[in-house]
Amino acid sequence: KPLSEYWINSSHNTYLTGGQFKSRSSVEMYMNALYGGCRCLEIDCFDGYRDSRTNEPIPLVYHGLTLTSQILFSDIIDTIKLFLNSNPDCFPLILSLENHCTLPFQEAMASYMISVFGENLYIPDEDSLHK
C-alpha cells in the first residue's frame, strides 16, 4: 500500500529517558516507542570516533549541544532489528535520521543499515529519484 494510506505514530528525541538537556540516552527507549505503537523513530546522528583497531567511523546518537549521554548508532539499529524479528508485520517503519554527520560517518550508517535490515530496507533506484 502507498505510505499515504497509513496512520503513523511518530516520536521525537526517541532515545532520551527524560528532558532534552541533560537526561540519559538509552536504546531501550526505542523498544518502548516501538511497543507503544510508534512507527516513525527519530535518530539524531553525529560524528563519533574512529575504531582504534579498524579505523572505521563509529557514529553516535545524542541531543547535540546538550549534556545528554551518547549511544552508538549501531546499537539502535540492532535494537530496531530485534523488534522487527519478533514483529515482522509492523511495517512500514520509518527512521527519521537527523543527520549531523560528515560523509564517512554517513557512509558507515548506510552500510550498517543495509547489512542489518537487508531486503527489508527500502532503497529507491536511481531512475525513481529523477522523476
Side-chain angles (χ1 to χ4, degrees):
K1 290 195 242 181
L3 195 56
S4 61
E5 292 186 21
Y6 291 91
W7 178 263
I8 298 176
N9 188 1
S10 65
S11 66
H12 178 68
N13 293 340
T14 311
Y15 47 89
L16 294 177
T17 60
Q20 66 181 4
F21 295 110
K22 59 182 180 178
S23 68
R24 190 173 67 84
S25 300
S26 169
V27 295
E28 287 83 15
M29 299 308 292
Y30 284 90
M31 197 64 85
N32 290 348
L34 287 164
Y35 277 110
C38 286
R39 294 298 177 261
C40 179
L41 305 171
E42 181 183 42
I43 307 175
D44 294 348
C45 309
F46 291 87
D47 286 0
Y49 56 91
R50 291 201 172 258
D51 184 281
S52 60
R53 192 173 37 84
T54 65
N55 202 35
E56 291 292 318
I58 309 293
L60 296 175
V61 173
Y62 59 97
H63 198 265
L65 304 174
T66 67
L67 301 174
T68 61
S69 62
Q70 302 174 353
I71 52 179
L72 297 176
F73 174 83
S74 60
D75 286 350
I76 294 168
I77 299 305
D78 292 341
T79 298
I80 294 168
K81 178 62 173 168
L82 182 65
F83 174 82
L84 292 173
N85 287 344
S86 58
N87 299 277
D89 297 325
C90 76
F91 292 107
L93 181 63
I94 300 167
L95 302 182
S96 173
L97 302 178
E98 185 177 309
N99 182 16
H100 301 276
C101 293
T102 57
L103 188 56
F105 287 84
Q106 291 177 42
E107 290 170 341
M109 291 181 336
S111 176
Y112 196 74
M113 287 189 292
I114 291 167
S115 72
V116 171
F117 296 133
E119 293 180 1
N120 291 317
L121 183 64
Y122 173 71
I123 302 173
D125 60 29
E126 273 301 311
D127 293 337
S128 69
L129 296 174
H130 301 288
K131 292 182 179 180

### Query
Are F73 and L60 linked, directly or through other ILVMFWY residues, by side chains that come within less than 4.5 angstrom of each other?
no
### Task
Side-chain contact test, heavy atoms from C-beta onward, threshold under 4.5 Å: evaluate it for D78 versus V116 and give yes or no.
yes
### Message
Are I58 and R50 packed together at the side-chain level, in the sense that at least one heavy-atom pair is separated by less than 4.5 angstrom?
### Response
no
### Task
Using modelled atom types only, decide if a donor and an acceptor are shared between the side chain of S23 and the backbone of Q20 within a distance under 3.5 Å.
no
## Note on the structure
Taken to the nearest 0.5 Å, the spacing of Y112 OH from K81 NZ works out to 11.0 Å
### Message
Taking side chain to side chain contact (heavy atoms under 4.5 Å, CB included) as the definition, give me every residue that meets it alongside L121, ordered by chain and number, with sequence neighbours left out.
### Response
M113, I114, F117, I123
### All side chain to side chain contact (heavy atoms under 4.5 Å, CB included) counterparts of S4, not counting sequence neighbours
P2
### Query
Considering only heavy atoms from C-beta outward, does the side chain of L93 approach that of L34 to under 4.5 Å?
yes
### Query
Is the backbone of S128 close enough, under 3.5 Å, to the side chain of D125 for a donor and an acceptor to pair up by distance?
yes
### Task
Run the numbers on R39 and N9 for side-chain contact (heavy atoms from CB on, under 4.5 Å), then give the verdict.
CA-CA 6 Å; R39 294 298 177 261; N9 188 1; 5.9 Å; no
#### Entry: Hydrophobic cluster of Y6, others only, ordered by chain and residue number, side-chain cut-off 4.5 Å
L3, I8, I94
### Task
Quick one: do V61 and D75 satisfy side-chain contact (heavy atoms from CB on, under 4.5 Å)? Show the steps, please.
CA-CA 10 Å; V61 173; D75 286 350; over 6 Å; no
### Query
Could you go step by step and tell me if N99 and M109 meet the side-chain contact (heavy atoms from CB on, under 4.5 Å) rule?
CA-CA 10 Å; N99 182 16; M109 291 181 336; 4.1 Å; yes
### Task
Mind listing the closest non-hydrogen atom pair of L97 and C45 along with its distance?
CD2-SG, 4.1 Å
### Message
If you define the side chain from C-beta out and look only at heavy atoms, does anything of M31 sit under 4.5 Å from L82?
### Response
yes
### Message
Filter on ring pair (Phe, Tyr, Trp, His ring centres under 6.0 Å), then keep only pairs touching residues 15-44, sequence neighbours left out; what's left?
### Response
Y35-F83
### Message
Looking at E56 and D51, would you say the former's side chain and the latter's main chain have a donor-acceptor pair under 3.5 Å?
### Response
no
### Message
Taking E107's backbone N and O only, do any of them form a donor-acceptor pair with S111's side chain (distance below 3.5 Å, no angle check)?
### Response
no
### Task
Could you please spell out the steps behind the side-chain contact (heavy atoms from CB on, under 4.5 Å) verdict for Y62 and D44?
CA-CA 6 Å; Y62 59 97; D44 294 348; over 6 Å; no
### 4.5 Å side-chain heavy-atom contact, S25 and Q70
no
### Message
Test of understanding: with side chain to side chain contact (heavy atoms under 4.5 Å, CB included), list the residues that count as partners of S11, not counting sequence neighbours.
### Response
T14, C38, L41
### Task
Could you tell me which non-hydrogen atom of T68 sits nearest to which non-hydrogen atom of G19, and how far apart they are?
CG2-O, 4.5 Å
### Message
Please report the interatomic distance CD1(I76) to CD1(I43), rounded to the nearest 0.5 Å.
### Response
5.5 Å
### Message
Taking side chain to side chain contact (heavy atoms under 4.5 Å, CB included) as the definition, give me every residue that meets it alongside H100, ordered by chain and number, with sequence neighbours left out.
### Response
F46, E98
### Query
Can you tell me how far the CD1 atom of I80 sits from the CG atom of N120, to the nearest 0.5 Å?
13.0 Å
### Query
To the nearest 0.5 Å, what is the distance between CG (D47) and CG (L103)?
10.0 Å
### Task
Check whether any side-chain heavy atom of K22 lies under 4.5 Å from a side-chain heavy atom of T66, and answer yes or no.
no
